[in-house]
Peer 1: 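Please read through the structure below; I'll follow up with questions.
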Amino acid sequence: MPDFTNSEIAARFEELGDLYELDGAIVHRVVAYRNAAKAVRDASTSVAALTRAGRVTELSGIGATLETKLQALLEQGDIPQAVALREKFPAGLLEMTRLPGLGPKRARRLYEELGVDSLETLATAARQGRIQDLRGFGARAEAKLLEAVERAVADDEEGAGAGSGRVVLDRARGIGEQIVATLREHPAAVRVELAGSARRWADSVKDLDVVAASEDPEALIDAFKQLDQIEVVGSSGEAGARARTHSGMSVDLKVVAPDQFGSLLQHFTGNKQHNVALREAAVKRGLHVSEYGILDDATGETLRCATEDDVYKALGYAYIEPELREGRGELHAAALNGGGGLPRLITLADLKGELHCHTTASDGKDEIEDMAYAALELGYEYLAITDHSATHGFGNEVSPERLEEQIERIHAANRAIDGIELLAGSEVNILPDGSPDYSDELLAKLDWAIASVHTSFAMDERAMTERIVAAVEHPYIDAIGHLTGRKIETRPPYAVDVERVIEACARTGTMLEINGSTNRRDLNDVHARAAAEAGVWIIVTTDSHRVATLSTTRPYGIATARRAWLTAEQVANTRPWAEFAALRKRAHGR
DNA sequence: GCCGTTTTCGGCCCGACTGTTTTCAGTCG
């Protein structure tokens, strides 16, 4: 039986948590399953393998009971308790609980009292007016349920295959920044910031959180509700409102007085695990943290925090950058007495060279010189031109003969343009057998080669891992590009044992790329952190196919690096050219 | 169901909004 991937295991735990919730389990037990699911999804190594090795309880959130359930899943292909609960509750019932406003308690009552067991039978019952007579329901609840079903069905038909409803970060930030910019112009606005997962630079975003400080919240909330971007206002109160944009994103606005803004920003930046851990630690010291301030049991007074720094300081922590607030050990590190300290995170300004871009020689839109001048303007000291290689699939093929010519062109441009080192490079395809698609002799003529998988994604994990490790061991392959091939929200990673590839890179001195392309961000944050901890050199690139993305894509690669806790020292292309040149595998002849 | 520099048992963040209620449960983030 093929092993379960981490995301498959996480889905099983989520399902079981949902089933237990329907079954009336206490909330903490349900939360334990959801926390475990997140721990599994965030794990940098195979949870199936960890389970077999008897080490899975090393993951925070997995205890003896879940270990037993994991063993059952791996040995029998399913978890017995899940099998039993699926018998008890029809699949349509779980689907019903995913409707906004309908939770497990009321869904179960609809099932038991009306026999409603799917979106379809729910819609029928609502249309027949059978729901409004139930105790605790009413005519409005019935109408809202019908509306929710109809919307879910419409969304499903519209976005066939789209699934999660999450939006890739660059698009979400585009919408969010527009809203923030407009609100900032309002006379009642003192501060307006984007919060939530968009501020943490997550891969994708479910909805936008906007927080504001104002002496006149009502005026600002009114202005928000009338923004051009807003299609419909959902709920609204004295402290904020929720609305949906024409682009279909849900946006929350919250407003407090300026002297509470730090607490609000901290609260709505999250993530949930970070905030819960922060608050639990505070409770042990008699402090209660909310978005309005910090209540001290001893004095009965609430400390108002104008800045996030005030919040963290009052609780005994150093300031924690938003990208680190994922509940991955950042609070322990940030503790002012006894914490190990937080890393000094890499910034945009640290990057000294770009190592992955394309020109018209393959599928890029601009010429070598255009890219060179753009990189120079960004302050880069070096730029590697890395067009796709000889095997087909990417517009122009760069045959070996054409690569020889391209190397000459790059060298000529390098002589002609002052102030930047232009490197003759290639993004070499890793063929299914693990070999590159240029000869060693040709690869040796390059200054830099980054190798990536672009074909035959469907190999099994063992074969794919061997394929990539073979490339890692090649003497003229300096780095591996976009290791897992995932496209955020559209294509899952291919099956590859990232841990083994990291080990091979550490052994051979091969670098691993964080491809900053906004729909890739591959390595992801978890893998990049594991690679750097294993001593692998990381490079942060844009994979630009045109001049514009050399600058616009950079923040996304850097954000992933920051989410991976990386310092400038751990990223090779923060080094000046002479130092970087010496780090390349081809330079030290391994 | 997890977890432990006050606990191996007894805790487990905090508040807003909605709709149905005569004081609150359910849902959400």
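Per chain, numbering begins at 1; letters A, B, ... match sequence-line order. Just the heavy atoms: all of them, side chains too, but no hydrogens, waters or symmetry mates, feed the values below. Just so it is clear, the structure is predicted and the values come from calculations on it, not from any experiment.
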Peer 1: So does A:K38 pair up with A:E14, basic N to acidic O under 4.0 Å?
Peer 2: no

Peer 1: Between B:dG29, B:dC13, B:dC3, which nucleotide has the shortest distance from any of its atoms to the side chain of A:E280?
Peer 2: B:dC13

Peer 1: Among the candidates B:dC12, B:dT27, B:dT18, find the nucleotide nearest to the side-chain atoms of A:K105.
Peer 2: B:dT27

Peer 1: Pick the nucleotide of DNA chain B nearest each of A:F137 and A:K272; which residue has the one closer to the 5' end?
Peer 2: A:K272

Peer 1: Between A:I62 and A:K144, which residue's closest nucleotide on DNA chain B lies nearer the 5′ terminus?
Peer 2: A:I62

Peer 1: Tell me the interatomic distance from A:E291, atom CD, to B:dA16, atom C1', rounded to whole angstroms.
Peer 2: 8 Å

Peer 1: Is it the case that more than 12 heavy atoms not belonging to A:E218 sit under 6.0 Å from its CD atom?
Peer 2: no

Peer 1: Does the side chain of A:Y292 get closer than 4.0 angstrom to OP1 or OP2 of B:dA16 through an N or O atom?
Peer 2: yes

Peer 1: Which whole-number value in Å describes the distance from A:E238 CD to B:dA16 C1'?
Peer 2: 11 Å

Peer 1: State which residue, out of A:E330, A:E323, A:E326, fulfils the salt bridge (charged side-chain N to carboxylate O under 4.0 Å, His left out) condition with A:R200.
Peer 2: A:E326

Peer 1: Using a 4.5 Å cut-off on heavy atoms from C-beta on, say whether the side chain of A:R106 contacts that of A:L110.
Peer 2: no

Peer 1: Suppose you measure atom P in B:dA16 against the same atom in B:dT21; what distance do you get, rounded to whole Å?
Peer 2: 24 Å

Peer 1: For B:dC14, which nucleotide is its Watson-Crick or G-U wobble mate, given both distances must be under 3.5 Å?
Peer 2: B:dG29

Peer 1: Provide the distance between the two P atoms, one in B:dT7 and one in B:dT20, to the nearest whole Å.
Peer 2: 48 Å

Peer 1: What's the closest nucleotide to the A:H28 side chain, out of B:dT7, B:dC12, B:dC13?
Peer 2: B:dC12

Peer 1: Taking B:dG15 as the reference, what is the distance to B:dT22 when you measure between their C1' atoms (whole Å, please)?
Peer 2: 23 Å

Peer 1: For B:dT20, does the glycosidic angle fall within 90° of 0 (syn) or outside that (anti)?
Peer 2: anti

Peer 1: Are OP1 or OP2 of B:dC2 and a side-chain N or O of A:T65 less than 4.0 angstrom apart?
Peer 2: yes

Peer 1: Between B:dG1, B:dT20, B:dC3, which nucleotide has the shortest distance from any of its atoms to the side chain of A:S60?
Peer 2: B:dC3

Peer 1: What is the distance, to the nearest angstrom, from the CZ atom on A:R108 to the C1' atom on B:dG26?
Peer 2: 15 Å

Peer 1: Which whole-number value in Å describes the distance from A:K254 NZ to B:dG29 C1'?
Peer 2: 8 Å

Peer 1: Do A:R328 and A:D525 meet the salt-bridge criterion of a basic N to acidic O distance under 4.0 Å?
Peer 2: yes

Peer 1: Just how far, in rounded Å, is P of B:dT27 from CG of A:D207?
Peer 2: 19 Å

Peer 1: Between B:dT8 and B:dG4, how far is it from one C1' atom to the other, in whole Å?
Peer 2: 8 Å

Peer 1: Taking the C1' atom in each of B:dC13 and B:dG29, what is the distance between them to the nearest angstrom?
Peer 2: 12 Å

Peer 1: As a test of reading the structure: which of B:dT20, B:dT7, B:dT18 is closest to the side chain of A:R140, going by heavy atoms?
Peer 2: B:dT20

Peer 1: If you measure from the P atom in B:dC14 to the same atom in B:dC9, how many Å do you get, rounded?
Peer 2: 26 Å

Peer 1: What distance, rounded to whole Å, do you find between the two P atoms, one in B:dC17 and one in B:dG11?
Peer 2: 31 Å

Peer 1: Assess, by modelled atom type and distance only, whether the side chains of A:T567 and A:R344 contain a donor and an acceptor separated by less than 3.5 Å.
Peer 2: no

